[in-house]
Amino acid sequence: MRWKLLVFTAFIVIFSFLSAGEIKETGQDIKYPAQSAMMVSQYHGNKSKSEAFSDLQKVALSENIIIYKTIWTQNGLEKSFVFGKISSSDRQRGYLSDPKSLNTEILTGMYYVASPWTNKLETSMKNLGFIIKGASIPLQLLPLDFYFGNLRSLAIWCLFFVFAVLLYALKISAIKKSIIERSLGNFSKSLRKNLLIESSLLILASILSLLVFWIINQSTWGLFCRLFSYLILINLFIFLILTLIINWIYSLNIRLIRPSDVLKSKSNQTVINLIWLLGIILSVFIFGKTISGMKQSAVELSQQSHQLHPWSLVQSFSSLTWRDEESSHTNSSTHEIDRNFMIDYTKKEKDFILSFDDSQILYSYASSIDGGIDPKNIPPAIQEQLKSKGLDPILASSVQFVSSNLIELNKKIYPTNTYPKSSATALASIYIPQKFQKQIESIKHIAAAEISPQDLSNSNFEIIIIPDNQKTFLFHWQDEANQLLPKQSLQNQILVVPHLTNIPDLPPVVSNIIGGALFDSPSLQKVLRQSPLQADVTAQNYATEAILTHRNKIINQLNGVIFSLVSLIIAQLFVLYEYIANQLRSQAKILSIHYILGKSILSPISRSIFPLILGISISSLLTFLLTGDSTVTLVLFTLYCVEIGILTQLGLKKIKRAYAQILKGDFEII
């Protein structure tokens, strides 16, 4: 009973820590304790901006809800504004409620609501003249992420499995008692009693973990407490199912084996040993696969952390999320965008970009000639068609369009790099590594095709030759799939720096720049307040903050995996010891006789331990075949062999010291 209490409590505590880690990550993704999100795209009301914000405050108060909005001060600092009755905890977090804080803020953008989305709220907002889209945040995805979607998920299922094996081992240690109860006709009653006790222990430990979490968060049904409760209840359900399955398997064992075999500790408890051995083998395999995955993630994290350092140079820079205006000006039948709209909108974008000094804007994007795929995978016919126009997709894969500020920052990041000064009087300055000198004309064609639709003469480009093998840090904070921290540092890149003031008409390069550029935040606020594009901004995001959040999430998952693996090692040590002890009990009398007669004990020991070593060897081989990680496989196999050797020696010492008692029938001394 004492061991069961310890094991059940330990596993509930372990899963409580892991669940709390998942909630911590969710708190990084969901900035506010929000249950729904509301995107305001336009305002068609006839009131001023301050009156519209006042109406929003009235809606929040009348419906007894809290609405959060991220705002930006004139200094480019991120703050949070609360519509509705602000709580003391929100005040402690520095959230704002003074309407004057909204003087420089725009009505459009993302709002977060601390309650589920309702039709009533949607109707109220629309009646006020707001054009919105709102929905509840899919919090049901949290359990899916916890059990299947992140780095520690495999470790979690490994823990569940080891819990089942450990519970089975605990039950096997009381097998003689169960056989006696079976002989007396009390086994079914005892089984139900044990199942009730085990279930009660799991439920009680889960309730205690909930109470502790609620006390720490000073809430019983806040967003994060509710999410934690969901995870704990699902964990409890899985534990109860596993407990039920193990009790059922154990009851089958008791009904199938012969009482005399157990009471005499004979070695032919085939069913018990087979199930036990299979559980150990599977846990070894899952453990190895988890370790291999953690190792790969640790390497990735190390690389990402190394990439993070140059971002300290642009901590004050932020990106913009833009509303899709093209879809509302696209012909539904021809799918063509209104030409006049595009001309007017691109002019606004160009004016917006030119409002910033070179040091206040940062961007880089790859050439689109290769279509964003490996040039080697482009069909030969299309490659030939592109080459006939002077566009080599393989060469284009090394072309990056960058801002002059990126060149200046790279001088600081890589002091040994050489960047001759450009004149900035051409349409673009092109930095070309020496290895591409023979392909200058092709590079000009690529640059011309993406900078302007006009047929630009070669004299419009300034060619600057730079040494080979120079690295370029591109400050890519998102890739096409919106994944943070794509590969940042590339070698031998052809860098094209467009000079927009010298480019005639409305170049397509403008849209590429504005979509992914980073802007100096204080300057951005000043420019936005004077720009007609202000209403099209739906969010302002600190790229460095997003990267740090992503990195912290991975670190949190790695910590969870390490915590899980330490728990697994301890649990598996106990499982291995119980298995080896059980095998030694079955051979105890033979081993005692061998000690008395001075015979070698190698043969009986081999019969006892060989199946375990063989099973671990097979499991290690499968781990290597599936992961290809020879280092992890070899280390784990060696670790298990050392554990088996040490535990076997401990058991043999007990037999050698107490062989007289063992010959009298006391097998439990092992």
Side-chain angles (χ1 to χ4, degrees), residues 29-74 78-87 90 95-139 223 318-330 332 338 341 344-345 348 352 524-525 527-541:
D29 293 332
I30 304 175
K31 183 180 295 186
Y32 308 106
Q35 297 184 52
S36 55
M38 176 175 63
M39 177 64 204
V40 176
S41 56
Q42 294 181 53
Y43 176 67
H44 286 169
N46 55 5
K47 296 183 179 180
S48 66
K49 183 176 69 173
S50 60
E51 290 174 325
F53 277 130
S54 179
D55 285 342
L56 192 56
Q57 171 73 1
K58 292 176 183 177
V59 168
L61 291 173
S62 64
E63 301 198 16
N64 195 28
I65 59 175
I66 297 174
I67 301 175
Y68 298 95
K69 178 177 173 60
T70 300
I71 64 175
W72 302 86
T73 66
Q74 293 186 12
E78 180 184 11
K79 294 290 184 179
S80 298
F81 189 89
V82 177
F83 295 93
K85 188 177 181 181
I86 187 168
S87 64
D90 282 342
Y95 291 176
L96 306 175
S97 59
D98 185 356
K100 294 180 181 178
S101 305
L102 300 170
N103 289 343
T104 59
E105 190 59 29
I106 57 177
L107 280 168
T108 56
M110 186 65 73
Y111 295 76
Y112 297 91
V113 185
S115 59
W117 185 254
T118 62
N119 292 331
K120 183 180 178 182
L121 175 59
E122 184 173 0
T123 302
S124 298
M125 293 295 293
K126 288 182 177 179
N127 289 339
L128 292 173
F130 290 95
I131 307 300
I132 65 168
K133 286 184 179 180
S136 294
I137 298 173
L139 300 178
L223 174 65
S318 56
S319 68
L320 295 175
T321 301
W322 299 90
R323 185 171 61 243
D324 180 16
E325 284 291 321
E326 292 184 3
S327 59
S328 58
H329 293 82
T330 302
S332 58
D338 183 273
F341 162 76
D344 179 60
Y345 199 77
K348 292 178 182 177
F352 179 79
L524 179 60
Q525 290 300 309
V527 173
L528 269 180
R529 284 194 289 271
Q530 302 171 0
S531 173
L533 296 180
Q534 177 181 232
D536 296 329
V537 176
T538 60
Q540 181 179 348
N541 316 290

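This chain uses plain numbering: 1 for the first residue, then up along the sequence.
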Of all heavy-atom pairs between [X] and [Y], which one has the smallest distance, and what is that distance?
{"X": "Met110", "Y": "Ala37", "value": "SD-CB, 4.1 Å"}
{"X": "Leu107", "Y": "Val40", "value": "O-CG1, 3.9 Å"}
{"X": "Ser115", "Y": "Ile65", "value": "OG-CG2, 3.5 Å"}
{"X": "Gln35", "Y": "Ala114", "value": "NE2-O, 3.9 Å"}
{"X": "Tyr95", "Y": "Ile86", "value": "O-CD1, 3.8 Å"}
{"X": "Leu96", "Y": "Ser101", "value": "CD1-OG, 3.7 Å"}

Please check this pair: side chain of [X] against backbone of [Y], looking for a donor-acceptor N/O pair closer than 3.5 Å.
{"X": "Ser124", "Y": "Lys120", "value": "yes"}
{"X": "Ser136", "Y": "Ser36", "value": "no"}
{"X": "Thr123", "Y": "Asn119", "value": "yes"}

Let's go through Ile71 and Leu102 carefully: what are the C-alpha distance in whole Å and the side-chain angles of both, what is the deciding distance for side chain to side chain contact (heavy atoms under 4.5 Å, CB included) to 0.1 Å, and is it a yes or a no? CA-CA 8 Å; Ile71 64 175; Leu102 300 170; 4.0 Å; yes
How long is the gap from [atom1] on [X] to [atom2] on [Y], to the nearest 0.5 Å?
{"X": "His44", "Y": "Phe130", "atom1": "NE2", "atom2": "CZ", "result": "11.5 Å"}
{"X": "Asp98", "Y": "Phe81", "atom1": "CG", "atom2": "CZ", "result": "7.0 Å"}
{"X": "Lys126", "Y": "Leu121", "atom1": "NZ", "atom2": "CG", "result": "11.0 Å"}

Neighbour count >12 (heavy atoms, 6.0 Å) for atom CG, Asn64: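 Open.
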Classify the angle between the aromatic ring planes of Phe53 and Phe83 as parallel (below 30°), tilted (30 to 60°) or perpendicular (above 60°).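 Aromatic pair Phe53/Phe83 classed parallel.
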Qualifying salt bridge (charged side-chain N to carboxylate O under 4.0 Å, His left out) pairs, either residue in residues 38-55, two or more places apart: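 The answer is Lys47-Asp55.
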Under the criterion side chain to side chain contact (heavy atoms under 4.5 Å, CB included), I'd like the reasoning laid out for Leu524 against Leu320: C-alpha separation, chi angles, the key distance, then a yes or no. CA-CA 10 Å; Leu524 179 60; Leu320 295 175; 3.7 Å; yes
Any chance you could lay out the side chain to side chain contact (heavy atoms under 4.5 Å, CB included) test for Ile131 and Tyr43, step after step, and finish with the verdict? CA-CA 6 Å; Ile131 307 300; Tyr43 176 67; over 6 Å; no
Report the C-alpha distance between Leu56 and Met125 in whole Å, list the side-chain angles of each, state the deciding distance to 0.1 Å, and finish with yes or no for side chain to side chain contact (heavy atoms under 4.5 Å, CB included). CA-CA 8 Å; Leu56 192 56; Met125 293 295 293; 3.4 Å; yes
